2 protein chains.
Amino acid sequence: MNAPSFRNWKSVQDEVLRRIHAREWKPGELIPNEADLAEEFGCARSTVNRALRSLAESGLLDRRRKAGTRVAAQPVAKATLDIAVIRHEVEGRGSKYGYQLLTRELTVPPARVCGAMQTPASDALLHVRALHLADDAPYAVEDRWINIGVVPQAHDEDFATISANEWLLKYAPYTHGEIAFSAVQVAEDDADILGVAPQSAVFAIDRLTWDKDASVTKVRLLFTPGYQLRTSL
Amino acid sequence: MNAPSFRNWKSVQDEVLRRIHAREWKPGELIPNEADLAEEFGCARSTVNRALRSLAESGLLDRRRKAGTRVAAQPVAKATLDIAVIRHEVEGRGSKYGYQLLTRELTVPPARVCGAMQTPASDALLHVRALHLADDAPYAVEDRWINIGVVPQAHDEDFATISANEWLLKYAPYTHGEIAFSAVQVAEDDADILGVAPQSAVFAIDRLTWDKDASVTKVRLLFTPGYQLRTSL
DNA sequence: CAGATTATTATGTATGCACATAAATATATT
DNA sequence: AATATATTTATGTGCATACATAATAATCTG
């Protein structure tokens, strides 16, 4: 048997994956180092590095300097979710997108909100509520607070035709944020808006974004029953 | 002003991020090519490539050969969720993990299940139901179907002390899979098990994994109310 | 002028080399 | 023996160069 050649990083990755699946390299086990693999595969060490690094990023390998590379014992499945603008999400399903502004007012938020956003309790924030529709049926309600101290342009935008969801992406970049998914029993007013029975189980996405150390916006999206967030592993 | 030097890919990435945030490079706009940036930053093109590639992977840049690199017009927020073994998830929160097998039987599954798993309608699958506990309180119910044609060892495992959730990760590798998150109203039997009111809104994770073209397992996890799946952006 | 062909160009990747860095191990010092 | 120091080693990164590839732009051809 002459050495098969794995000349590009993807084929190296495939071979490594094959060995893991075939249990030639078992979970928790140390695999050969980059230099040895490079020699075996007949390629440069940097090519092996590229392949292994990529597998480590997806959680299948654990790498530590000096300690070496081992197959993850408990591979944490990393599911990458694409959180798109709702309009795109709806249109991507082949439905007609609709948008309807419900309320827009500048008010002092409840403690829960200014606590999370770390704004002074006395500061007014822009509160926008809107409904997203798919094929003229309710799709999701958006309840959003915008820090006008950070995004003053929001003050001049009425959000009548463009959703805050979309507007902010265009005009208010963020450096980092948090996102949480949960199931909630929908309150009466939201149930009315979505046209579902009160106490229905709806999917909720809560997002809070920051521009450096200042909060930009906090939003809760409630989706009509049946909504699924899906991705592949 | 002399040229600041960005000698490593992370500092190049930071500078690119800064320009995007400062809107020196606006959404949808074409940015200079790698060679020019390398010259400006005083580093090798490969260093710039590393920085830009990584930003493209996280969805902030769109890159196409010959066409060049542009700032994503609608940056799709890519949220990476770590789906860990439930025991680790519970222990990671500092709670005591508990496990309880409910049922384990070899039966012919309903059409819904063998349809999704693409197994012959007459084939029996291993059906395991179990309860995961955190600090002795119900945490999640697991309802799982295992393709014993693909994982014959499961036949000899009683799942009395180790959850299928954990056992499978160790003994049944998969090549790919699908995962879906949703909110459901809990059925009466599951409500009993979780110790919650019937019709409560609970968070559901449905996962289906494959080893090449054969389904390995299909599972639904229902979490007690209050459960949140969270990550940072 | 439409359609096929050929250049051009920006990203994508492979290579060999060098050095940086973290972490484990061995060695020296009190 | 406990602690500090040095050595070793595997991964991490940077660089210069070369060539591959995809997509656009330019050119040719009937």
Side-chain angles (χ1 to χ4, degrees), chain A residues 3-17 19-20 24-73 75-76 78, chain B residues 3-17 19-20 24-73 75-76 78:
Chain A
S5 71
F6 298 97
R7 281 213 200 79
N8 59 52
W9 74 270
K10 272 186 189 157
S11 68
V12 169
Q13 192 178 61
D14 286 348
E15 173 62 11
V16 170
L17 277 170
R19 292 187 187 185
I20 293 173
E24 290 174 28
W25 293 339
K26 301 194 183 63
E29 216 173 84
L30 208 61
I31 75 172
N33 69 39
E34 293 185 348
D36 291 350
L37 286 176
E39 194 182 0
E40 183 191 340
F41 292 155
C43 66
R45 181 171 79 92
S46 49
T47 306
V48 174
N49 180 278
R50 181 83 161 82
L52 298 188
R53 174 163 38 90
S54 157
L55 288 173
E57 270 165 19
S58 65
L60 211 70
L61 293 177
D62 280 335
R63 323 194 71 198
R64 268 165 59 219
R65 278 171 166 155
K66 162 76 183 176
T69 301
R70 50 186 70 232
V71 180
V76 200
K78 296 204 174 172
Chain B
S5 71
F6 299 97
R7 281 214 197 79
N8 57 54
W9 74 270
K10 272 185 189 158
S11 68
V12 169
Q13 192 178 61
D14 286 347
E15 173 62 11
V16 170
L17 277 171
R19 292 187 186 184
I20 294 173
E24 289 175 29
W25 293 338
K26 303 195 182 64
E29 215 174 85
L30 207 61
I31 75 172
N33 69 41
E34 293 185 349
D36 291 350
L37 286 176
E39 194 182 359
E40 184 191 338
F41 292 155
C43 66
R45 182 171 78 92
S46 52
T47 306
V48 174
N49 180 279
R50 181 84 161 81
L52 299 187
R53 174 161 39 88
S54 158
L55 287 174
E57 271 166 18
S58 65
L60 211 70
L61 293 177
D62 280 336
R63 322 194 72 197
R64 268 166 56 220
R65 276 171 168 156
K66 162 75 182 176
T69 301
R70 49 185 71 234
V71 179
V76 196
K78 297 205 173 170

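Small disclaimer: the values here were computed from a predicted structure and weren't measured. Protein chains get the first letters and strands the later ones, always in sequence-line order, with residue 1 at the start of each.
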Open item on the list: How many whole angstroms separate atom CZ of Arg64(A) from atom P of dT8(D)?
Closed with: 21 Å
Task: Val12(A) to Cys43(A) - nearest heavy-atom pair and separation - done: CG2-SG, 4.2 Å
Task: Separation of Trp25(B) CH2 from Leu17(B) CG (nearest 0.5 Å) - done: 10.0 Å
Open item on the list: Run the salt bridge (Lys or Arg N to Asp or Glu O under 4.0 Å) test against Glu24(A) and tell me which residues pass, sequence neighbours left out.
Closed with: Arg18(A)
- [ ] Quickly work out the Arg63(A) CZ to dA10(D) C1' distance and round it to whole Å.
- [x] 9 Å
- [ ] Provide the closest heavy-atom pair for Arg70(B) versus Leu30(B) in the form atom of the first, atom of the second, distance.
- [x] NH2-CD1, 3.4 Å
TODO: Indicate whether OP1 or OP2 belonging to dG12(D) is found under 4.0 Å from a side-chain N or O atom of Arg53(A).
DONE: no
Between the protein and nucleotides 25-27 of chain D, list every N/O to N/O distance that falls short of 3.5 Å.
none

TODO: Choose from dC15(D), dA23(D), dT13(D) the nucleotide whose nearest atom is closest to any side-chain atom of Thr47(B).
DONE: dC15(D)
TODO: Would you please name every residue forming a side chain to side chain contact (heavy atoms under 4.5 Å, CB included) with Ser54(B), sequence neighbours left out?
DONE: Trp9(B), Gln13(B)
Task: Atom pair distance, as rounded to whole Å: NZ in Lys10(B) and P in dG12(D) - done: 11 Å
Open item on the list: Just the rounded figure in Å: distance from P of dT11(D) to CH2 of Trp9(B).
Closed with: 18 Å
Task: Integer-rounded Å distance: dA10(D) C1' and Leu61(A) CG - done: 14 Å
Open item on the list: Distance under 4.0 Å to a non-hydrogen atom of chain B counts as contact; along DNA chain C, which nucleotides mark the start and end?
Closed with: dT8(C) to dT13(C)
Pairs under 3.5 angstrom only: tabulate donor-acceptor contacts from the side chains of residues 58-65 of chain B to other protein residues two or more places apart or in another chain.
unit_1	atom_1	unit_2	atom_2	d
Ser58(B)	OG	Leu55(B)	O	3.1
Arg63(B)	NE	Thr69(B)	OG1	3.0
Arg63(B)	NH1	Glu34(B)	OE2	3.1
Arg63(B)	NH2	Glu34(B)	OE2	2.7
Arg63(B)	NH2	Thr69(B)	OG1	3.2

Open item on the list: For the CD1 atom of Ile20(B) and the CD atom of Glu15(B), what is their distance to the nearest 0.5 Å?
Closed with: 10.5 Å
Task: Minimum heavy-atom distance Thr47(B)-Arg7(B), with the two atoms named - done: CG2-O, 4.4 Å
TODO: State the CG-CG distance between Asn49(A) and Leu37(A), to the nearest 0.5 angstrom.
DONE: 11.0 Å
Open item on the list: For Ala67(A) and Cys43(A), find the nucleotide of DNA chain C closest to each by heavy atoms; which residue's nucleotide sits nearer the 5' end?
Closed with: Cys43(A)
Task: Separation of dT11(D) P from Asp62(A) CG (nearest whole Å) - done: 13 Å
Open item on the list: Check the phosphate of dT13(D) against Ser46(A), side-chain N and O only, distance under 4.0 Å to OP1 or OP2. Yes or no?
Closed with: no
Task: N-O pairing of Arg53(B) and Glu57(A) below 4.0 Å - done: no
- [ ] Check the distance between dT11(D)'s C1' and Leu30(A)'s CG and give it to me in whole angstrom.
- [x] 12 Å
Between the protein and nucleotides 18-21 of chain D, list every N/O to N/O distance that falls short of 3.5 Å.
unit_1	atom_1	unit_2	atom_2	d
dT21(D)	O3'	Arg65(B)	NH1	3.3
dT21(D)	O2	Arg65(B)	NE	3.3

Open item on the list: Please find the pair of heavy atoms, one from Ala35(B) and one from Asn33(B), that lie closest to each other, and give the distance.
Closed with: N-OD1, 3.1 Å
Task: Within-4.5 Å side-chain heavy-atom neighbours: Val16(A) and Val48(A) - done: no
- [ ] Mind calculating the distance between CD (Glu34(B)) and P (dC15(D)) to the nearest angstrom?
- [x] 13 Å
